[in-house]
Protein chains: 2
Amino acid sequence: MAPAAPPDESVDRRARRRQRTRNDIARIAVRLTAERGYDHVTVDDIAEAADIAPRTFFRSFPSKDDGFFLDHDERMVFLRQALADRPTGEPIRASVRAAVLALAEHVDDDQEAFRAKSLLIRQVPSLRARSADRTGEWQRVLAEGVAQRLGTDAERDLRAQVIAASTVAALQAAVQVWLSTGGEATVHDVVAEALDLITEA
Amino acid sequence: MAPAAPPDESVDRRARRRQRTRNDIARIAVRLTAERGYDHVTVDDIAEAADIAPRTFFRSFPSKDDGFFLDHDERMVFLRQALADRPTGEPIRASVRAAVLALAEHVDDDQEAFRAKSLLIRQVPSLRARSADRTGEWQRVLAEGVAQRLGTDAERDLRAQVIAASTVAALQAAVQVWLSTGGEATVHDVVAEALDLITEA
DNA sequence: GTCGGAATGGCAGTCACTGCCAGTTAATCT
DNA sequence: AGATTAACTGGCAGTGACTGCCATTCCGAC
């Protein structure tokens with residue numbers, strides 16, 4: 001038998017609790033790594049600092065690295081939605097641009113945390129690789145959105161793929177430059193400039 | 001005292017021998033993985049099939065994954081050189097385009113092997129992530145070449161980074177589409193088309 | 001209060017990878 | 001040829017990420 005639908009509140013409560021734990025663990029993992037360096041922090045260390053059993057860590061995150069990409073999934077959802085929300089009449093590049101800029105703005109909320117985490121990721125090979133892979137997922141999201149607009153099959157539409165890929169690449173490049181320069185500009189502005197540079201000769 | 005310079009021949013011999021071993025191991029690793037799937041092949045399996053001790057495997061490759069990226073370093077050197085070889089008067093985008101196309105042509109030699117390996121990499125998360133990271137190195141090479149031409153500092157020059165990033169992204173996208181479609185076109189042609197699409201509205 | 005499912009913990013095992021030392025090979029010198 | 005020396009290889013023990021399994025605990029629902 002299907003169990004009686006539980007009152008919303010309790011479900012939310014469980015989910016929220018779970019989410020809070022994840023946040024805590026992630027925060028601790030990042031802090032410890034910043035302090036001691038990635039390979040001087042074991043999962044056991046993180047677990048102990050978070051006051052959980054090591055086994056439990058892997059119930060919250062599939063791997064040690066995943067604590068560093070806590071908000072990735074939400075951002076993917078956000079990006080997909082932001083793109084879908086653009087008016088259908090708008091030129092496709094403009095829509096993509098707007099969606100990505102919305103995402104970038106999202107980041108400016110906690111620039112310092114973002115900068116710290118990004119620098120860490122850039123330094124550690126396994127995190128860097130993971131990050132690059134996840135960037136590929138953003139690209140997939142964009143490509144699908146674009147293909148949907150164009151009425152094509154994303155995987156086979158070179159145009160959609162190139163638009164998505166070059167956009168994400170520009171975003172990525174903008175963040176890297178932002179990290180390397182003092183950071184007097186906001187992420188949003190640098191990204192905007194980078195997006196303009198794609199199509200410029 | 002510095003040892004007397006050894007006759008070239010012997011040095012080359014050692015290097016060649018070493019290179020041959022590496023090739024052998026890599027080939028075996030790819031074959032086994034294609035047959036059984038990535039996580040049903042241990043390093044011990046590969047070592048045994050290659051008739052070496054497991055410990056020796058890690059003398060040839062820093063990690064299990066690295067066998068799949070055997071020729072990466074050569075390609076980076078090739079790309080750097082190809083870009084440096086372009087005439088200084090040429091527009092920068094044209095130079096980058098020519099260099100990347102030269103690289104793509106390089107691949108058409110053994111399309112089938114390239115396709116098989118690429119499909120494998122695309123399937124396996126850790127290989128995919130590693131691949132994405134190495135793609136980032138190509139981007140760095142291109143960005144440095146571009147910055148040198150422009151007389152700027154690569155890390156801080158947004159324009160150089162965006163040109164490099166969007167180019168590599170297009171290359172990447174082209175390969176993915178090539179993999180997804182039947183492959184009636186050559187890699188070179190698809191890449192050329194992708195590069196054109198970057199700057200197109 | 002108690003029932004049932006979800007979350008947690010602990011344990012043992014696999015596998016990637018590393019440092020260390022010993023044995024082997026192979027190039028160089030006399 | 002035989003001694004010397006450096007590179008290559010192998011084995012061993014240890015660490016750390018991750019997994020499957022089972023016992024325990026927690027907590028909302030009745």
What is the separation between atom NZ on A:K64 and atom C1' on D:dG16, rounded to the nearest whole Å? 8 Å
Check the distance between D:dG16's C1' and A:R36's CZ and give it to me in whole angstrom. 14 Å
Where does DNA chain C pair, written as one dot-bracket string 5' to 3', with Watson-Crick or G-U pairs under 3.5 Å, ( ) inside the strand, [ ] for crossing pairs and | for another strand? ||||||||||||||||||||||||||||||
Do the side-chain N and O atoms of B:D85 and B:Q81 include a donor-acceptor pair separated by under 3.5 angstrom? yes
Interatomic distance, B:Y38 OH vs D:dC18 P [rounded to whole Å]: 12 Å
Distances for protein N or O near nucleotides 23-25 of chain D N or O, under 3.5 Å:
none

Begin with the C-alpha distance, continue with both residues' side-chain angles, and end with the deciding distance and a verdict on salt bridge (Lys or Arg N to Asp or Glu O under 4.0 Å) for A:D66 and A:R130. CA-CA 9 Å; A:D66 282 291; A:R130 193 60 162 268; 2.9 Å; yes
Between A:F61 (CZ) and D:dT19 (C1'), how many Å, whole number? 18 Å
Shortest non-hydrogen contact from A:A49 to A:L32? CB-CD1, 4.0 Å
Nearest-angstrom distance from the residue atom CD of B:Q19 to P of D:dC8: 13 Å
Just the rounded figure in Å: distance from P of D:dG10 to CD of B:E48. 13 Å
On a heavy-atom basis, which atom in B:Y38 and which in B:S126 lie closest, and how many Å separate them? OH-OG, 3.4 Å
Any N/O pairs under 3.5 Å between the protein and nucleotides 6-10 of chain C? List them or say none.
residue : atom : partner : partner atom : Å
C:dG9   : OP2  : A:A53   : N            : 3.0
C:dG9   : OP2  : A:T56   : OG1          : 2.4
C:dG9   : N7   : A:R59   : NH1          : 3.3
C:dG9   : O6   : A:R59   : NH2          : 3.2
C:dG10  : O6   : A:R55   : NE           : 3.3

Side-chain donor-acceptor pair present, A:T42, A:D45, cut-off under 3.5 Å: yes
Distance-minimising heavy-atom pair for A:H188 and A:A104: CA-CB, 4.2 Å
Please say whether the positively charged group of A:R115, taken as NZ for Lys or CZ for Arg, lies over the ring of A:W178, i.e. under 6.0 angstrom from the six-membered ring centre and within 45 degrees of the axis. yes
State, without any angle test, whether B:R156 and B:Q161 hold a side-chain donor-acceptor pair at a distance under 3.5 Å. no
Donor-acceptor side-chain pairing of A:R93 and A:T199 below 3.5 angstrom: no
What is the distance, to the nearest angstrom, from the CG atom on A:D44 to the P atom on D:dC18? 12 Å
Shortest non-hydrogen contact from A:A50 toward A:I25: CB-CG1, 4.2 Å
Do A:K64's NZ or CZ and the ring of A:F58 fall within the cation-pi criteria of under 6.0 Å and 45°? no
Please report the distance, rounded to the nearest Å, between CZ in A:F68 and P in D:dA17. 12 Å
